[in-house]
Protein chains: 2
Amino acid sequence: MNEAQKPGFSRCNNATLRRAARSLGRFYDDALAPSGLKGTQFGLLFQIQISDEPAMGAIAEALIMDLSALGHTLKPLIRDGYVETFADKDDRRVKRVRLTSQGQAKLDEALKLWNVAQQQFEEKVGAEQAAKLRAALDAVADLDLAMPTAALRTEEAADQAP
Amino acid sequence: MNEAQKPGFSRCNNATLRRAARSLGRFYDDALAPSGLKGTQFGLLFQIQISDEPAMGAIAEALIMDLSALGHTLKPLIRDGYVETFADKDDRRVKRVRLTSQGQAKLDEALKLWNVAQQQFEEKVGAEQAAKLRAALDAVADLDLAMPTAALRTEEAADQAP
DNA sequence: CCCGAAAAGTGGCATATGCCACTAATTTAG
DNA sequence: CTAAATTAGTGGCATATGCCACTTTTCGGG
């Protein structure tokens with residue numbers, strides 16, 4: 001097996017990324033623990049806050065996550081009263097989401113904890129370095145990746161055939 | 001709210017990392033789909049292969065994942081006959097893991113698919129850039145992060161008080 | 001040799017994510 | 001305007017991960 005053929009000591013970009021995500025995830029989770037929120041929930045609440053009563057699809061797109069996954073993830077937050085949903089006025093298919101006042105308060109509380117973790121992290125790797133890393137990750141996330149081979153034959157056909 | 005206090009447009013290192021992981025994860029999952037393995041399973045099988053009948057704890061440590069999580073993740077692979085476990089000769093607490101011949105075959109099969117995805121990715125971002133990114137991610141994963149405040153009072157005490 | 005502390009896993013419970021099959025509501029052909 | 005195609009979500013099923021409470025073994029003193 002030649003060099004290019006095997007993941008060397010984890011040459012797999014995906015495996016490396018997940019490993020780092022697990023590691024950093026635990027750190028942020030620990031930091032946010034006092035608030036009772038997980039890092040993912042914090043991120044989700046924040047995304048909702050900065051958007052204007054976003055539709056579920058909009059959130060899913062922004063976070064590059066499956067729509068149904070978003071629905072699942074949202075449930076505990078709705079159950080705990082941090083978030084509420086309501087139908088769009090013009091398109092009844094669309095369900096919009098917003099923070100409740102309780103959710104806003106919880107987010108504010110978590111934000112303080114988040115700041116500590118974030119600063120701790122940036123202190124370790126350097127603010128500039130961290131910014132570069134985030135930029136690189138955003139670039140990766142927004143890549144237009146698609147398998148060129150068989151699997152997507154359908155899609156290709158759709159593009160090439162009338 | 002001042003600049004440093006809010007995650008701007010996702011200034012959260014953790015959120016950015018997870019977002020990228022979801023995105024890239026789907027790409028690799030799609031690529032590996034024909035083999036029936038998920039990206040995580042592929043990575044786990046690979047890790048087992050390059051180790052010498054590793055103990056579960058060793059695998060968990062290498063992948064920076066919770067030991068119990070590893071146990072859960074391993075179940076489907078054992079169920080499908082790709083992996084088998086056996087007790088360590090000297091320490092009955094230790095459970096070692098190895099690929100079955102079937103697992104080895106499956107890994108070889110998946111490796112071909114992985115190569116396509118990996119090359120596709122490196123073609124997009126550049127091999128050097130990808131290597132740098134992996135290095136940065138490994139560095140982040142191996143950071144010795146710990147909250148300085150209350151939560152770890154115990155640990156601090158253990159270090160300072162005899 | 002016996003006991004309490006430490007180490008390695010297991011099982012249960014909860015969240016995180018995805019895919020697929022469906023349902024409801026819209027939009028677009030004809 | 002009506003039927004086909006598209007869009008937005010939901011619910012079910014399966015894997016991914018973590019934490020906590022235990023159980024089983026070891027190990028380190030007395």
Side-chain angles (χ1 to χ4, degrees), chain A residues 14-15 17-30 32-33 36-45 54-61 63-80 82 85-97 151 158, chain B residues 14-15 17-30 32-33 36-45 54-61 63-80 82 85-97 151 158:
Chain A
N14 185 48
L17 191 49
R18 292 192 79 94
R19 180 166 174 273
R22 281 191 294 270
S23 181
L24 198 61
R26 264 205 253 188
F27 175 61
Y28 276 83
D29 277 358
D30 285 350
L32 292 169
L37 293 178
K38 304 295 218 57
T40 41
Q41 302 182 313
F42 167 76
L44 183 47
L45 290 184
M56 289 190 58
I59 300 174
E61 187 175 6
L63 301 182
I64 309 186
M65 82 183 317
D66 186 87
L67 178 58
S68 74
L70 171 62
H72 300 319
T73 305
L74 226 35
K75 277 179 188 168
L77 295 174
I78 294 174
R79 178 200 59 198
D80 297 340
Y82 299 147
T85 61
F86 59 101
D88 180 279
K89 301 298 180 192
D90 306 312
D91 191 332
R92 266 173 298 179
R93 287 173 305 180
V94 176
K95 192 195 279 187
R96 292 184 176 285
V97 186
Chain B
N14 185 46
L17 192 47
R18 294 191 78 92
R19 179 165 173 275
R22 281 191 294 269
S23 180
L24 198 60
R26 263 205 256 189
F27 174 61
Y28 276 83
D29 277 356
D30 284 350
L32 292 169
L37 293 177
K38 304 295 219 56
T40 41
Q41 301 182 315
F42 167 75
L44 182 47
L45 290 184
M56 290 192 55
I59 300 175
E61 189 174 5
L63 300 183
I64 309 185
M65 83 183 317
D66 186 87
L67 178 57
S68 75
L70 171 62
H72 300 318
T73 304
L74 226 35
K75 277 178 188 169
L77 295 173
I78 293 174
R79 179 200 58 198
D80 296 339
Y82 299 147
T85 61
F86 58 99
D88 181 279
K89 299 299 180 193
D90 307 312
D91 190 333
R92 265 173 298 179
R93 286 173 305 180
V94 176
K95 191 196 281 189
R96 292 183 176 285
V97 185

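Just so it is clear, the model here is predicted, and its values are computed rather than measured. The sequence lines fix the lettering, A, B, ..., with proteins before strands; numbering per chain opens at 1.
If you measure from atom CG of B:D91 to atom P of D:dG28, you get 12 Å, rounded to the nearest angstrom. To the nearest angstrom, C1' of D:dG9 lies 13 Å from CG of A:D88. In this structure, B:I78 places its CD1 atom 14 Å from C1' of C:dG11, rounding to the nearest Å. Distance, B:M56 CE to C:dA7 P: 18 Å, rounded to whole Å. Here the P atom of nucleotide D:dG9 and the CZ atom of A:F86 are 11 Å apart, to the nearest Å.
Looking only at distances, a side-chain donor or acceptor of B:D91 sits under 3.5 Å from a matching main-chain atom of B:R93.
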Mind listing the N/O atom pairs, protein and nucleotides 5-7 of chain D, below 3.5 Å?
unit_1, atom_1, unit_2, atom_2, d
D:dT7, O4', A:R93, NH1, 3.1
D:dT7, O2, A:R93, NH1, 3.0

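Between B:I64 and A:S23 the shortest heavy-atom distance is CG2-CB, 3.9 Å. Looking at every heavy atom in both residues, B:R26 comes nearest to A:M65 through NH2-C, 3.6 Å. Of all heavy-atom pairs spanning A:L63 and B:R22, the tightest one is O-NH2, 2.8 Å. Here the closest non-hydrogen pair linking B:G39 and A:N14 is CA-ND2, 4.0 Å.
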Nucleotide-resolved protein contact map, nucleotides 15-21 of chain C, B/S/- at heavy-atom distance under 4.0 Å: SSBBBB-
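In this structure, A:D90 reaches the sugar-phosphate backbone alone: every heavy-atom distance under 4.0 Å involves primed, P, OP1 or OP2 atoms, never a base. Among the heavy atoms of the strands lying under 4.0 Å from A:G57 are primed sugar atoms or P, OP1, OP2 only; no base atom is included.
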With side-chain contact (heavy atoms from CB on, under 4.5 Å) as the criterion, how do A:V97 and A:I78 come out once you've worked through the C-alpha distance, each side chain's angles and the decisive distance to 0.1 Å? CA-CA 10 Å; A:V97 186; A:I78 294 174; over 6 Å; no
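The CD atom of B:Q41 lies 10.0 Å from the CG atom of B:L74; values are rounded to the nearest 0.5 Å.
Applying the salt bridge (Lys or Arg N to Asp or Glu O under 4.0 Å) criterion to B:D66, with sequence neighbours excluded, gives no partner residue.
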